[in-house]
Protein chains: 2
Amino acid sequence: MDESDFLAAYNPRAFDPMAVTADIVALTIRDGRLHVLLVRRGEPPFRGAWALPGGFVREDDLEEAAARELAEETSLSPADLDRVHLEQLGTYGKPGRDPRMRVVTVAYLAFAPWLPDPKAGSDADAAVWTPLTATRELAFDHAKILDDGLERARSKLEYTPLATSFVGEEFTISELRAVYDAVWEEQLHPGNFHRKVLSVPGFVESTGLTTERGGPRGGPRARLYRKGDAKYLHPALLRPSREDEIR
Amino acid sequence: MDESDFLAAYNPRAFDPMAVTADIVALTIRDGRLHVLLVRRGEPPFRGAWALPGGFVREDDLEEAAARELAEETSLSPADLDRVHLEQLGTYGKPGRDPRMRVVTVAYLAFAPWLPDPKAGSDADAAVWTPLTATRELAFDHAKILDDGLERARSKLEYTPLATSFVGEEFTISELRAVYDAVWEEQLHPGNFHRKVLSVPGFVESTGLTTERGGPRGGPRARLYRKGDAKYLHPALLRPSREDEIR
DNA sequence: GCACGTTATTCTCATTCAGAGAACTACTCG
DNA sequence: CGAGTAGTTCTCTGAATGAGAATAACGTGC
């Protein structure tokens, strides 16, 4: 066979090697604020600096590599990992972005519900959920990757039901609204939000239950919902007042 | 220095090498139909099969590599290349997708206005604009990449002014509508489309001119517009009737 | 137990937007 | 010149949105 001859003679080392890493922008919400998972690097380059969790891709698929790194950093059980939404964010391969060699990084974006505080992983001293307001200097071009991840997250809340990935299995409309408030950094109108969520087909479905108690500062018991079967929100739930970002 | 010692001792060949390619889903509109640029492979693997244009990433940036490949395949002048919108689509790295070795492909999506028929590039017998209706079997996982590119294109027309990348410098509202018709495969209402385009701030701006003649089958001269300064369409121009795709 | 502040939920009302259809007009073609 | 086509503008109707308010259920502190 022509083709198999070619493959036998093919030398995979003929090109400059490139390393491929999978890094993760993992977002969650704690205390009503958006947090990102950061690790402190235990090895050069950028030893001691904060960075996105990630690691080299070996034999596995890109997304598997990302899931593996995330599970390592957060000591997540497989069952927990199921509840985390993971999607590809983008790929960053500018020459010189890693001083060691040419590294192409495939970034993934993860939306997680509440998770316990992580333990340190293999190549990191520490991994912590960090509020976004306390932005730190990040290693490599991770600040740019984080920015891209935030913009993607903000945008995805508009036209997908992914906000439900940030809350528990059963949730109230107010908890869902808190997700939007945190990610968009805007206070949404409770009444209109309530109407909107219930009017979008497939966004949430009722469980028939309510919370056991009212809120910590009073108020009636809230009805509980679970995620519906919609893949897209239609009509979308648009961010208010983006006049400035439009041009 | 600790860090420079580390870098000096670092062996870039310690990992299995991975090749990185940049492949392109280049779309344009001809005769009112959406076309994609395909090449016929001149070398194994998949010799003789149709594939997306692309090639290995060498010293350059990923996007530069994509632009270089696109320019090669289409024999585009730098001035023409300026008018082509290029954005990253996604990265495909499943083990085994290339029989030669582990190949990670960063796919780019290009929107081009009318371009001349391409000549064959270096590693391809032929490159042709192919109507999407005549879908062929594609090499590797390029069918999936193409599908993802189409979905991205359809979606981007909704909330960005990228439809203007498919038409010339000056265009009529009807030409713009033809872009939407072709990409969405729907006949939009001419009156409502006209109202909508003119009412979205920054989508198009008037040139004050009109076409020299009416259409080939009659009708009045149309006013000419150029691209406005909006980065996003607000409110967006949503696809009609996606009820089926929502869940 | 009670007054009060808080919050879930529902309504109202005014405004904007989208879909359908049509009018009006300027053109090309035969 | 007459018929047909297409660019542009209007009208009408129903849906969606934003702002504000009403109602009612609950926790807290006295």
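In what follows, chains carry the letters A, B, and so on, assigned in the order in which the sequence lines appear, proteins first and then strands, with residues in each chain numbered from 1.
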*Rounded to the Å, how far apart are K196(A) NZ and dT10(C) P?*
17 Å
*Answer yes or no: is there an ion pair linking D148(B) with K144(B), defined by an N-O contact shorter than 4.0 Å?*
yes
_Side-chain N,O (R217(B)) to OP1/OP2 (dT28(C)) below 4.0 Å_ = no
*Using only heavy-atom distances, determine whether the side chains of T164(A) and R226(A) contain a donor-acceptor pair under 3.5 Å.*
no
*Under 4.0 Å between a side-chain N/O of H189(A) and OP1 or OP2 of dG18(D), yes or no?*
no
_Quick check for you: among dT8(D), dA19(D), dA26(C), whose closest atom lies nearest to any side-chain atom of N192(A)?_
dA19(D)
*Euclidean distance, atom CG of residue L238(A) to atom C1' of dT17(D) [Å, nearest integer]*: 10 Å
*asked:* Distance check needed: dG19(C) P versus E186(B) CD, whole Å only.
replied: 10 Å
*asked:* Could you report the tightest heavy-atom contact between A26(B) and L70(B), atom names first, then the distance?
replied: CB-CD1, 3.8 Å
*Side-chain N,O (R213(A)) to OP1/OP2 (dG27(D)) below 4.0 Å*: yes
*Of all the choices, dA6(D), dA8(C), dT9(D), which nucleotide is nearest to the side chain of P220(B) once you look at every atom?*
dA6(D)
*Would you please name every residue forming a ring-ring contact (aromatic ring centres under 6.0 Å, His included) with F193(A), sequence neighbours left out?*
Y180(A)
_dA6(D) phosphate, OP1 or OP2, under 4.0 Å from S174(B) side-chain N/O_ = no
*Select one nucleotide: of dA8(C), dT8(D), dA19(D), the one nearest the side-chain heavy atoms of A222(A).*
dA8(C)
*In whole Å, what is the span from the CZ atom of R195(B) to the P atom of dC12(D)?*
14 Å
*Centroid-to-centroid, F140(B) to H142(B), below 6.0 Å?*
yes
_Spacing between E175(A) atom CD and dA8(C) atom P, to the nearest angstrom_ = 9 Å
*Most 5' of G214(B) and H194(A) on DNA chain C, judged by nearest nucleotide*: H194(A)
*asked:* If I take atom CD in residue E158(A) and atom P in nucleotide dT17(D), what distance separates them, rounded to the nearest angstrom?
replied: 12 Å
*Between dT9(C) atom C1' and R223(A) atom CZ, what is the distance in whole Å?*
7 Å
_Presence of R221(B) side-chain N/O under 4.0 Å of dC27(C) phosphate oxygens OP1/OP2_ = yes
_Rounding to an integer number of Å, can you tell me how far R177(B) CZ sits from dT5(D) C1'?_
12 Å
